[in-house]
Amino acid sequence: MVVVLEKNVSDSQLENVISRLEGFGFSVHKSTGDEQIVLGAIGVRPEFDIRKVKILDGVADVFRITEPFKLAGRSYKKEDTVLKIKDVEIGGNEVIVMAGPCSVESEQQIFKIAEIVSKAGTKILRGGAFKPRTSPYSFQGLGEEGLKLMRRAADENNLLMITEVLEINHIPLVEKYTDIFQVGARNMQNFSLLREIGKASKPVMLKRGLAATIDDLLMSAEYILVNGNEQVMLCERGIRTFETNTRNTFDLSAIPVIHKRSHLPVVADPSHATGMRDKVLPMARAAVAAGCDALMIEVHHDPENALSDGPQALLPDDFTVLMKQVKAIAEVIGRKIA
Ligand code: PEP
Ligand code: MN
């Protein structure tokens, strides 16, 4: 149920509405928009008479949410969610670029790549310290050492950082270093991880699973939101189809579809979506044209020797070209890339 409050609602009216809703047995989520405050009351029973809430002082309107995702949906929150992470905003007019290697491999590697992507105009450094690998024999990441190196490389290059959290046990450790948690495609439906990330206090980028529908993705976001963490963005990173010319099939239309159904920012990852260096630039251009709020791009100065995902990593010069071209595309649709 959505409870829309009057524009001039007083603090005491607001407190009263919240405590009455809790008294009726609902869990209450508050969203403060530019115009008015909206409360999401989760746990409405079909027989509950919503007039009990309509008559409370300070309440302008009450309606039931019919979509399965209550907090992630547009009916709960009409305005776009803008994540404010230090001095970076995701979901506003600026399209943010996150870039870096697939994995943190060494001090020299992460510092070099951080400098390259920062000089090219990136705001956020990406890189994995805990890697979800298809094979147990592949490089699994440097662990805490990787987090430490990445934090230093980000700070020294005036970047924020995003890194993947693979397991519940790692949440406190990763939270100590990162600005944004990444939940990877393989963990999109790890509901116990999602619940615990929902209790954490840092923003989360949730990647779409390899075989997940858009509704599945939104339902997974719901697990994070309902546990209290409202700083969530969704990432389209390609899905498995019968096509074999690319590593995955980039579902470009997921971008406008999610924007219509949800207020959460949408990130596009053409690196994992295509799996091939020469496909990343055209699909990054397409993603910006389709309205993504951020791009995630893998970059490596020596992809031949990369310990993971070398074939899809852009070389530094290619990345500079990408930045130039996506800037131009952003302008066409009235957005910007700084
Ligand atoms: C990654 O970002 O390096 C990664 C492992 O992504 P995904 O979970 O989308 O495969
Ligand atoms: Mn990767």
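These values consider heavy atoms only, across backbone and side chains, with no hydrogens, waters or symmetry-generated copies. As the structure lists them, so they are numbered: ligands from 1, and atoms in each ligand from 1. Count residues from 1 along the sequence.
Ion pair Arg335/Asp293 flagged as a salt bridge, since at least one NZ, NE, NH1 or NH2 atom sits closer than 4.0 Å to an Asp/Glu carboxylate oxygen. Electrostatic pairing of Glu236 and Arg208 counts as a salt bridge here, judged by a charged N lying under 4.0 Å from a carboxylate O. Between Asp251 and Arg237 there is no salt bridge, since no side-chain N of the basic residue sits under 4.0 Å from a carboxylate O of the acidic one. Under a 4.0 Å N-O distance rule, the pair Glu94/Lys123 qualifies as a salt bridge. Electrostatic pairing of Lys207 and Glu164 does not count as a salt bridge here, judged by no charged N lying under 4.0 Å from a carboxylate O.
For Asp302, the side chain to side chain contact (heavy atoms under 4.5 Å, CB included) partners two or more places apart in sequence, or in a different chain, are His300, Glu304, Asn305.
If you look at His272 and ask which of its N, O or S atoms sits nearest the Mn ion (ligand 2), the answer is NE2. The minimum distance between the Mn ion (ligand 2) and any N, O or S atom of Asp309 involves atom OD2.
Expressed to the nearest 10°, the angle at the Mn ion (ligand 2) joining OE2 in Glu298 with SG in Cys102 is 100°.
One hydrophobic cluster, built from ILVMFWY side chains closer than 4.5 Å, holds both Val88 and Ile162.
Taking a heavy-atom cut-off of under 4.0 Å, ligand 1 is surrounded by Cys102, Arg126, Lys131, Pro132, Glu164, Gln182, Gly184, Ala185, Arg186, Lys207, Arg237, His272, Glu298.
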